[in-house]
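These notes concern the structure reproduced below.
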2 protein chains.
Amino acid sequence: MKKRSSSSPEQNFPGAPKQFVVPFLLLQLRDFNLHGYQLIEQLIKLGFHSIDRGNIYRILRQLEKDHLISSQWDTSSEGPARRIYSLTEAGEAYLQSWAASLELYQHMLETFFSLYKKMFVSPSNENEYSKGERS
Amino acid sequence: MKKRSSSSPEQNFPGAPKQFVVPFLLLQLRDFNLHGYQLIEQLIKLGFHSIDRGNIYRILRQLEKDHLISSQWDTSSEGPARRIYSLTEAGEAYLQSWAASLELYQHMLETFFSLYKKMFVSPSNENEYSKGERS
DNA sequence: ACCATATAAGTGTAAATTACACTTAACAGT
DNA sequence: ACTGTTAAGTGTAATTTACACTTATATGGT
């Protein structure tokens with residue numbers, strides 16, 4: 001029954017959405033076979049502070065169900081057993097399609113900042129842009 | 001009881017998350033006082049295809065509850081009444097904090113693509129990078 | 001022996017968000 | 001009267017996220 005932050009202004013930049021996390025996970029697995037704990041560490045290094053580790057494990061299990069990654073237990077090294085993930089061929093294709101999507105996000109962000117930085121446009125005819133209805 | 005696309009690879013790039021939509025809404029209202037329908041049209045022009053119009057109206061009502069935007073009915077023009085939104089001072093501050101957050105997203109995307117494009121690194125010592133465990 | 005810490009992989013679940021379908025209302029044109 | 005466009009919603013199942021908690025192996029300190 002507790003209330004969470006929602007969209008209220010006090011705090012911002014919640015955990016990056018799955019749409020960001022998934023392509024990063026796949027990208028890392030393209031170059032190395034890694035286990036969840038390592039993947040999470042890498043994500044944090046890449047800027048994903050405040051990610052929920054539990055949910056990352058869930059995302060990995062889901063990606064495996066979708067046959068985009070595969071796993072096998074590694075009991076060879078010391079410490080608790082690790083589930084080593086690797087990217088499947090389907091996963092590589094999926095990563096490619098994600099890259100295309102992220103390019104769209106990138107263009108949107110560029111658009112945002114190009115508009116955002118137009119703070120003080122042409123003060124001479126301000127009436128054209130001043131607050132009011134547009135035709 | 002119907003199943004939705006989930007994270008399965010067949011289709012990608014779902015509607016951009018609220019985290020993207022909100023700053024764009026606020027940015028538009030910084031320069032013009034607009035009503036929901038216009039804001040939605042602008043979003044679509046900016047690349048937000050497949051947004052849910054109903055949810056945008058809900059987001060606007062929520063932003064108003066949070067005192068980030070304010071509205072008033074406009075019955076002057078023909079057609080159905082419009083709810084004209086304008087950005088509050090708190091909303092401007094919120095937009096600024098969102099801009100900072102979006103910069104972080106931008107850096108992440110840059111990182112993604114710089115890693116992603118490193119497709120075929122130094123084939124001479126491929127064994128260093130070939131699939132296998134990292135130390 | 002006992003405790004704390006680090007590593008590793010989870011589970012439980014309330015709250016928030018998203019997707020998809022549907023509704024209401026004003027006005028314009030045929 | 002019916003169709004189309006503009007405008008602003010509501011209902012709600014499915015999905016995602018946030019926060020709390022659990023299990024287990026091994027190491028180092030007291």
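Order of the sequence lines sets the chain letters (A, B, ...), proteins ahead of strands, with each chain counted from 1.
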Which nucleotide wins on minimum distance to the side chain of [X], given the candidates [options]?
X       : options                : answer
B/Asp52 : D/dA24, D/dA18, C/dC20 : C/dC20
A/Tyr85 : C/dG10, C/dA25, D/dA8  : C/dG10
B/Asn55 : D/dT16, C/dA19, D/dA26 : C/dA19

Open item on the list: Is it the case that the base of D/dG9 and the side chain of B/Arg83 share a donor-acceptor contact (distance under 3.5 Å, atom types as modelled)?
Closed with: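 Check fails, no donor-acceptor contact within cut-off.
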Atom-to-atom span, [atom1] of [X] to [atom2] of [N] - whole angstrom:
X       : N      : atom1 : atom2 : result
B/Leu39 : D/dT6  : CG    : P     : 16 Å
B/Leu60 : D/dT10 : CG    : P     : 12 Å
B/Gln62 : D/dA8  : CD    : C1'   : 17 Å
B/Gln19 : D/dT16 : CD    : C1'   : 11 Å
A/Leu43 : C/dA8  : CG    : P     : 15 Å
B/Gln42 : D/dA7  : CD    : P     : 12 Å
A/Ile40 : C/dA8  : CD1   : P     : 10 Å
B/Lys18 : D/dT16 : NZ    : P     : 17 Å

- [ ] Answer with base, sugar-phosphate or nothing: what part of the nucleic acid does A/Gly54 contact at a heavy-atom distance below 4.0 Å?
- [x]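 Base contact.
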Open item on the list: What contact category does A/Arg58 fall into here, base, sugar-phosphate, or nothing, at under 4.0 angstrom with non-hydrogen atoms?
Closed with: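 Base: the residue A/Arg58, judged by heavy atoms under 4.0 Å, touches a nucleobase.
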Task: Presence of A/Tyr37 side-chain N/O under 4.0 Å of C/dA9 phosphate oxygens OP1/OP2 - done: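 No, A/Tyr37 has no side-chain N/O under 4.0 Å of OP1/OP2 on C/dA9.
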Has the side chain of [X] got a donor or acceptor atom that lies under 3.5 Å from a matching backbone atom of [Y]?
X       : Y       : result
B/Thr75 : B/Ala81 : no
B/Asp52 : B/Gly54 : yes
A/Asp74 : A/Ser76 : yes

Open item on the list: More than 12 heavy atoms of other residues, nucleotides or ligands under 6.0 Å from CZ of A/Arg53: yes or no?
Closed with: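 No, the 6.0 Å shell around CZ holds no more than 12 heavy atoms from other groups.
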- [ ] Give, for atom CG of B/Leu102 and atom OG of B/Ser97, the distance between the pair rounded to the nearest 0.5 Å.
- [x]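 B/Leu102 CG to B/Ser97 OG: 9.5 Å, rounded to 0.5 Å.
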